[in-house]
Amino acid sequence: MKKRIIARKLTLRKITLKRIMKKRITSRIISLIVCAALLAGMLALTGCGLFRKPVPTTYPYVFVHGLNGFGDDSRIPASYWGATAGALLPELEKEGFPRCYAPSVGAMGSAWDNACELYAQLMGGTVDYGAAHSAAHSHERFGAEYAQPLFPGWGEKDEDGNLVKANLIAHSFGGATARVLAGLLADGSQAEREAAPEDCSPLFAGGKGDWIFSVTALASPHNGVSILAIVDINPGLSQLAGLLGSSAEILESVLGQFGVSSDIGSLEHILQSAKTMDTAYYDLSIPGAEKVNEALRPYKDSYYFSYPIDGTKDGLTGRVADTGDMTAKLRLPARLIGANTIKGKTAGSITFDDSWLPNDGLVNTISATAPFNEAHVDFDASALLSPADYEPGTWYVMPTVRGDHGTIIGLGRAMNETLPLYLEQLRRIDELSLYVTGKR
């Protein structure tokens, strides 16, 4: 009897173990099926973009240099973008931003003329400065010819049906060039359409505001520079005029070792334009900048960022150069721009006060915040937690960078000091573009 009970218990234990094993196997099979289904779902969703690794540079970047600057297409064996830090664009490519263009526009041309040159290079074709504009400023209507577009596909639809746009990254006076280009794309020019109805450039037709996704201005004198007013008040300082916004002057230490000149652009065109107010120097003045600003407006669907710079500190006579932040070459103009003697003087509609004294050695910090007649707010990272929080058509004024006018493009800096700002900004813009196009 006892043997039967033991045998029965062993039999029941085997049956129980088999049931447990069967349940475990079944559970594992179900788990494998679920995992396989999830994996399949993830693979399928990858094609929809949900789990896709973000692809940088949704829209290409166009780097616009400042007065007397040059692009990567010049014959100068140095790089404007990166300066003494080294070539910036190859470093951006290594970080996942391969579509970056750095064209050359006029050395001292007005914002209008440079915008026309920039458009022709990006699109391909002949530079058209406009029939009305050229007649008003006594220079030739047409300029250089570009056989191939620097930016193929700009303004066209991609394979997903999205319009291919551009991000403009501009330094110094390049900010005015970029803004005028964006303004002409959006609104065109009625005067040019009337002056040449049969062969008006598409640039002046308008209706292309959505071709520009973002504009980022670095140390750009949106509202003019006070040093021109200082020179007018003190004629003996006229030799300083050559320093205004001049990236070539700032980069002299780089170019000098190669024994090359930074005089880029058509000398004949420059000489013709100089007879009128069709020059960068007029656009850099307070009245000139106000005239430029009156003709422009931010496009409702584009994003705007500005990086002001300050390399000064409080001194006995006003603001003086901080030797730890400013190269020796710019310390004298920084002192002149920051001097208390400018306070109370007027230029255009501006009466200079303490807010105009901080500067980067060439550009007043307040002028580089945003055009005074356009909506702008201080950048607040805590309030901008997702791309949906950004407001298009409004300038975001980034925290003031410490340094001088050349610091932000790499002059006197190492690449590891220069690159992070660009990576942060380009990644920010890509997040916005991926959000807008629905690719995230």
Side-chain angles (χ1 to χ4, degrees), residues 62-76 80 101-123 125-146 150 168 170-185 189 191-192 201 203-204 215 217 219-222 224-225 228 241-251 261-285 287-289 291-293 295-296 362-363:
V62 178
F63 288 73
V64 187
H65 65 73
L67 182 66
N68 244 359
F70 50 92
D72 286 353
D73 57 343
S74 72
R75 290 173 294 178
I76 296 175
Y80 179 96
Y101 309 107
S104 297
V105 294
M108 293 174 283
S110 64
W112 175 287
D113 287 357
N114 286 355
C116 295
E117 294 172 6
L118 182 56
Y119 175 78
Q121 289 182 69
L122 296 176
M123 293 296 293
T126 302
V127 178
D128 185 347
Y129 298 108
H133 176 87
S134 300
H137 296 287
S138 305
H139 62 67
E140 295 295 326
R141 173 182 172 183
F142 297 104
E145 183 176 349
Y146 299 92
L150 182 62
L168 304 180
H171 175 242
S172 190
F173 188 63
T177 299
R179 291 175 56 227
V180 171
L181 173 63
L184 287 173
L185 288 169
S189 169
E192 297 303 337
S201 168
L203 175 60
F204 306 128
V215 176
S220 294
H222 300 300
V225 291
L228 280 175
L243 289 174
L244 295 177
S246 172
S247 300
E249 291 287 345
I250 298 173
L251 293 170
S261 168
S262 62
D263 187 14
I264 307 298
S266 166
L267 179 60
E268 181 181 1
H269 179 78
I270 291 169
L271 293 175
Q272 288 178 334
S273 298
K275 299 174 185 176
T276 69
M277 293 185 292
D278 189 29
T279 65
Y281 292 114
Y282 177 69
D283 289 347
L284 281 165
S285 70
K291 187 174 181 180
V292 169
N293 290 344
L296 300 176
L362 292 173
V363 174

Fill in the blank from the handout: Minimal heavy-atom distance between Ser104 and Asp73, with the atoms involved, is OG-OD1, 2.7 Å
Practice task
May I ask you to decide if the ring planes of His133 and His137 are parallel, tilted or perpendicular, using 30° and 60° as cut-offs?
Solution key: tilted
Practice task
Among Asp283, Thr279, Asp278, find the one that has a side-chain hydrogen bond (donor to acceptor under 3.5 Å, both in side chains) with Ser110.
Solution key: Asp278
Completion exercise
Nearest heavy-atom approach of Pro221 to Leu284 is CG-CD2, 3.4 Å
Exercise for the section: Kindly say whether Ser201 contributes a backbone atom to a donor-acceptor pair with the side chain of Glu192 at under 3.5 angstrom? Expected result: no
Problem - Heavy-atom side-chain contact between Leu185 and Leu203 under 4.5 Å - result: yes
Problem - Heavy-atom pair with the smallest gap, counting every atom of Val127 and Ala120 - result: CG2-CB, 3.6 Å
Exercise for the section: Check whether any side-chain N or O of Ser285 sits under 3.5 Å from a backbone N or O of Tyr282 as a donor-acceptor pair, and report yes or no. Expected result: yes
Problem - Distance-minimising heavy-atom pair for Ala132 and Ala191 - result: CB-O, 3.9 Å
Problem - Contact check, side chains of Val64 and Asn114, non-hydrogen atoms, under 4.5 Å - result: no
Exercise for the section: Please name the pair of heavy atoms, one in Ala280 and one in Gly109, separated by the smallest distance, quoted to 0.1 Å. Expected result: CB-O, 3.3 Å
Problem - Leu184 CG to Leu296 CG distance, which is reported to the nearest 0.5 Å - result: 8.0 Å
Problem - Flag, side chain of His65 to backbone of Val105, donor-acceptor distance under 3.5 Å - result: yes
Fill in the blank from the handout: When rounded to the nearest 0.5 Å, the distance separating OH of Tyr146 from OG1 of Thr126 is 10.0 Å
Problem - Reported CG-to-OG1 distance for the pair Leu168 and Thr177, which is rounded to 0.5 angstrom - result: 10.0 Å
Practice task
Determine the interplanar angle of the Tyr129 and His139 rings, folded into 0 to 90°, and report it as parallel if under 30°, tilted if 30 to 60°, perpendicular if over 60°.
Solution key: perpendicular
Problem - Closest heavy-atom pair and its distance - Val180, Ala111 - result: CG2-CB, 3.7 Å
Problem - Residue pair Pro103 / Phe63, side-chain heavy-atom distance below 4.5 Å - result: no
Fill in the blank from the handout: d(Asp113 CG, Met108 CE) to nearest 0.5 Å is 12.5 Å
Problem - Check: Phe204 ring centre within less than 6.0 Å of Trp112 ring centre - result: yes
Problem - Test item: Arg179 and Asn293 side chains (from C-beta on) under 4.5 Å apart, heavy atoms - result: yes
Practice task
Classify the ring geometry between Phe70 and Tyr80 as parallel (under 30°), tilted (30 to 60°) or perpendicular (over 60°).
Solution key: perpendicular
Practice task
Report yes or no: does Ser220 contribute a side-chain atom to a donor-acceptor pair with the main-chain N or O of Ser172 at less than 3.5 Å?
Solution key: yes
